[in-house]
Every structure is written in structure tokens, then in C-alpha cells.
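Proteins get letters first, then strands, A, B, ... in listed order; numbering begins at 1 in each. These figures come from a predicted structure and were not determined experimentally.
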Amino acid sequence: MDSSALAIAMQTFLERMSNAGKFMACYQVSWLNRSLDNFKKINGSQLVMKSPLRIRMTLLHTWLGVIFSFVLFLIFWAGSLSVFDKEIDMWMMPDTRIEYSNSSHISIDRDIIPVLKSLASDASVWTIILPNDRVPYISLSYGSENERKGHRIWLHPHTFEEIPRLDTKGATGFIYPLHHNLTIQFKHIGTWVVGIASMGMLCLLISGIIIHRKIFVDFFTLRLLRNFGRSNLDVHNLTGIALTPFYIIITFSGLVIAFLTYFPNAYLPLYAATRSQANLAEGSLNSQNRHSAERIFLIETLGRERLNASNQKGMISSIDEMVSDAEETWGKGSVYFIRVNYPFDTKSNIMLRRHSQSTVTKNNDFIRYSASSGSRISKFEAPSITKVWNFIVGMHYLKFDHWGIKWLYFLAGLAGSCMIATGLIFWVNARRQKALRAGNKHVSLMDAMTVTAVCGSVGATIGFMVANKLIPTTFNMLNISRDNWESLVFYGILILSLLHAVSCTLRCSVQGHLVAWRQQTLIIALLAITAVVLNRLMPYFDLSESIKYYHLAIVYIDLGLIILAIITTYASKSIMKRVTQLNL
Amino acid sequence: MLKNSFFYTISLQLATCYYAIAIHQNWLKVFGAYPKIKYTPFSYRLVATSLILISFYLAINIEGLSMGSLIWTMEMGVAIMMTALVLSKKPQWLRVLSCLQKS
């Protein structure tokens, strides 16, 4: 029976039932009405089935998920760890585990300027970042006009001696960039990939909400004791629905952060127009105008104005007094960043920035002083539109000092990773039997990709931490520095994970994926325990010392690794049970 | 701050628990039978809504508008997941909230 005949039959039945007027008939009528909603008329008479929105959105949700899940898992996992990047840095660099209470005893003039004078009196820029609870050392950088942070050193906050720096990227240098550009900086390819995946994530969120029939009931539905497929889908739904506002906030703000990369032409022509109307009218922006437009944009929105030097010898007056003056405006202990432009030049200027520890909005206000006279030159306050941008960005950067929300972000990020993983597992589980009957290998490959996305990413991160402890301090092989070897270990483990998963799934289509999952989760457990043991064996580490406030972060990371080891061992054991059941 | 944040965290957690047990199948899971008074689930929903409003007010008051609304949204998600976990593993724990149900 074709669709037109079916629809006509339905209409006839509908009329008869309507005339009858009985309760059950009414129920049938409403059902038939709903069924008829799925048909539409073409050319006045022919009835064809409509494609309902929910079906279309299901297709969109399924295929976008398959395409972007691998990248999204890596982004979410690295993003969750980036919440505690400074703490992971401290774990990876034992020399930075310093006792710190506050920075009130530090005098810039007495303790820091002499160090910078002896190290870089001829540098164009000095940058001083004062210590805080999370970064307990003074960070100094200096360099030329083109390379403003060319050299970096860290000072002890009490002795003001240089801290020996381990050659490692740490979490701030590797895991955080992995989160926002996958460590691919060439032509911003990494940022673009992350941006496209973020757009995909937004589409996944919206389509996920639309396809969900019983969204309010499913708020609390978690059937862990039912079969694996059911409980897996419940975990996917629950982690997806409960934290939807978080996912929307984090994805949207992530896109807004990098808008300069995604939409450079949105502001460049506008500012080029203010800069040079005539050149714009001629139709093209040459590189000179392009740079100028960018500079004007940065000055207006972020106050990034560069004043010229006079090339005449000058003096630096008391920076401590400037800090006191700025703190009268912003509040005690608010200054954390000091930049000296052209030290010892008559036109030298000093810029002080305040931290954003008490508000969600990321703060980029500053006060600029004349270095020679010590007088205030200008005070920059972000315009309203920049404040809106700063607020959106602030929700992503988490610069504020609130441990509760940091933990919530961390847990929500892990829940996001869990949502992506369970979504992928659901996709392959739903298709495995059919593919096995048809003899197709594509589901086996997707199985391998799923194992790599989840176990590979997690294992590679733990492997990166183990490599940090195992690679000798002065290691340099094949002209590759120690920190790059750490990164290579990460990618090496990721590739090995993929090869192992592919070989397992191709060797046995029925339970190869289970073998891959079991072995890789076991490897993660072993790596996590190794990382804890190695950290315990390292110098400077003493558990009784670590229980103090400033080392508590190290204890938490070790505890986190132990919890991960327990979870993965449990998972491995459960999978082992499943394999045994299948074999029986 | 930590002491104050305890109140809105608890009221948010209670609110999600009340919302959960006001849903038909969750009610059955927790109490094992239908409610004796028809309007009990409705009254639970009312309590839950009041608790949600109270927790939002407290969060805004204690943390400030922007920080408070952000932390409230995040805690809501975590509270929902916690409630779902309790309903899945130990639904009988939620019987302590049945003070509104007449025996």
C-alpha cells in the first residue's frame, strides 16, 4: 500500500470513528490525527510523509557526534585538567613547592629591581608577576621590543634567589594549549579545529534537547542495574541534560574567546576605515593598514597602547609608591602585574594591572605611571562592550578565587567527557550486531577510535606525567629538548593506543573491542599508580609536609590518580567478566 | 563563606530530591506504593520550587549576582546527578523526606 492510499484509508477511518463518539475511538482518533500529521499534500492531492523535526535532529545528533566526539573528548578532558593547571605544574616541578603566605613583605624596589638590573639592564621590557596562593613564586621576564617575554626566571618569594627550573612544559605549557588549540599552532589550524568542534558541540546540544521526548522525567533517570546498553544511554542522557547550561556556557564562551581568529574581518575593515578612509575606498587593505587597524582595535578595547622611547638615559623612581597609589584606587593587595617599558629611558613608563580574584569578569584595567617622575599618566578602564566580552570570557578562564566553583567546573568537565564517551559507546553498540551480520568492518574501526579517544587520551596524559618524572633533568637526544620529549611521549602513547585498539578489533570482531578496553584501562591504572609512586620517590616530597596548605594540591593530585587507578581497575575487571561470559 | 554556601547547597539538593520523588515512577521506587493523598506529589513540587527560590536568593546574596548565578547553575546540575545516583542505588534513603506524607 503506497503512502497516498494509506492516508486516504486513515482519513476514512477517522471520520467513522469520530461519528461513533466513544471513548476508545476518541483515543484512536487522536492517534490517527497524530499519524496524519506526518503526511503532507503535494500538488493538492498526492500525500507524502513529512520528515519530522525530531527525526532530522536525531540524524544530526548522531552524525555530528560521530564526527566530532574524538576531538571533543580531548578538549573536554584537557579543559577539565586545565582548571587545576597551576597545581599540576607544581606536581611536575617539585622546586616550585614553596611555602607562601602573602606578598606584603615583598618590596619591588629593594628585592626585585636589583635582580632585573643585574640580569637585563638593556632589555626593552621587564615584566614582574607577583606570587599568589596558586603560584607561590615571583615570575620575572624580560626581552627586546619584538620578543617581550624572551627570557623568564622565577624567584623565591622569601629569599629572592632564582629557582632552578625543570625543563618541562607542565600543564600550563602543554595540557592547557591542548585544550584550546590541540598544540597545533601552525596557521591557527588547532584553534580552527577546536572552533569547528565547538560549533558542532553547540549543534549537538540543541539537537540533543530537541530529540529528547521526556526531558523532565529523564532528569532523574539512571538505571545502573539494567543491561549495559540501557545504563550507558541513561548516563549519557543524565550527564547531558543535568549540565546542559554548563556546556552551553563553556562552549559559547570558548568560541567568543577566539573570535579574533575566527572573524578577523569583523573588526579590521571598521578600524581600517577610521584609520585610513582613503585607502579603504581604493578597495584593499595593505599590510601596513591592517596592522594599524589591529593596533587601534587593541588600544580601544584592551588599552594596549605602546608609547615610544626617547633613547635618552633616565631613572626609575619608586615602584613601591606606585603600587601603593594604585592600591588606594583598587584596594589593598590588588596589584599582581608590573610591566616596565624601556627601563632607564627618560620616557620609560610603568604599567600596573590588578587581579580578577573577586569577580567573574576578567579584569584588564591598568594604571600607567611615568617611571622618571612617578606620576600617573593614564588609567585604563575597559569600555562597556569589552566588559561584556570580559564577563563571557571570565566564565571560561576561571581567574577568580573560588575553590568551590573550580571543583564544580572540574567535575562538570569530567561529566562532559563521560557524556561524549557514553554517546560514542552507544553508537557502536547500536550498530555492532548488524555490522557483524553484514560482515562490515566500519563499526570495528569506530570501536577502535572510541577506545583511543577515551583510554588513549587519559593514558597519554598520565604517561606525560610519568615521563616528567622519568626523563633525566638534562636529557637532550636527537637535538630534541627534554620538554619536547615529554610531549612526544604523550603523542606516542596516543598513537600506540590507536594501533593496539585497531589490532584488537580487527583480530576479533565479536569481542576485540572488549579486549582493547580491558587492556587499556589496566594500563591506565598501572600508569596512574606509577605516577604516584614516582612522585613519592622524588626529592622535596614528604607527605607530612604536603598536608600543609601549600602542598595540599600535590596530595589532591595523587589522590585523584589513585581514584583513577581504582576506577579503571574496576572497569577492567567488569569487562573481563563480560569477556568470560561471552566465551562461555 | 564556606559555612554560608552550605545552606544554598543543601536547599538545592533537597529541592532536586523533592522534585524527583514527585515524579510518578520515582515515587513508586521510593515508597513502593501510590501516594495516599492525591495532592502529595503536588505539595512536594511546591516545596521543591520554594527551596529552589530560597537557594537562588541565598546564592545571589552570599556570592554576588554574577558569581552566585554561575555557582547556582553549576550546583543545580551536580544536585540533579547526585539525586539520580541516590534514586538508582539507594532510593529508600529519600524516604526521610516524606514528612509531608500522612501515614
State whether the number of non-hydrogen atoms from other residues, nucleotides or ligands found under 6.0 Å of [X] atom [atom1] is greater than 12.
X	atom1	result
Tyr336(A)	OH	yes
Phe252(A)	CZ	no
Phe259(A)	CZ	yes
Tyr556(A)	OH	no

- Query: Is there a side-chain contact between Lys89(B) and Leu222(A), using heavy atoms and a 4.5 Å cut-off?
  - Reply: no

So how far is it from [X] [atom1] to [Y] [atom2], rounded to the nearest 0.5 Å?
X	Y	atom1	atom2	result
Thr244(A)	Ile80(B)	OG1	CD1	9.0 Å
Tyr409(A)	Met74(B)	OH	CE	6.0 Å
Arg223(A)	Lys29(B)	CZ	NZ	7.5 Å

Contact summary for [X] and [Y], nearest pair of heavy atoms:
X	Y	answer
Leu238(A)	Ala84(B)	CD2-CB, 3.5 Å
His402(A)	Ile71(B)	CE1-CD1, 3.2 Å
Glu75(B)	Leu408(A)	CG-CD1, 3.5 Å
Leu87(B)	Phe220(A)	CD1-CB, 3.8 Å

- Answer key: most heavy-atom pairs under 4.5 Å with chain A among Ile23(B), Leu70(B), Val78(B), Thr73(B) is Leu70(B)

- Turns out that what part of Phe400(A) lies under 4.5 Å from chain B's heavy atoms comes down to side chain

- Which bit of Ile249(A) comes within less than 4.5 Å of chain B, counting heavy atoms only: side chain, backbone, both or neither? side chain

- Task: May I have the step-by-step check of side chain to side chain contact (heavy atoms under 4.5 Å, CB included) for Glu63(B) and Ile405(A), ending in yes or no?
- Result: CA-CA 11 Å; Glu63(B) 310 282 356; Ile405(A) 208 157; over 6 Å; no

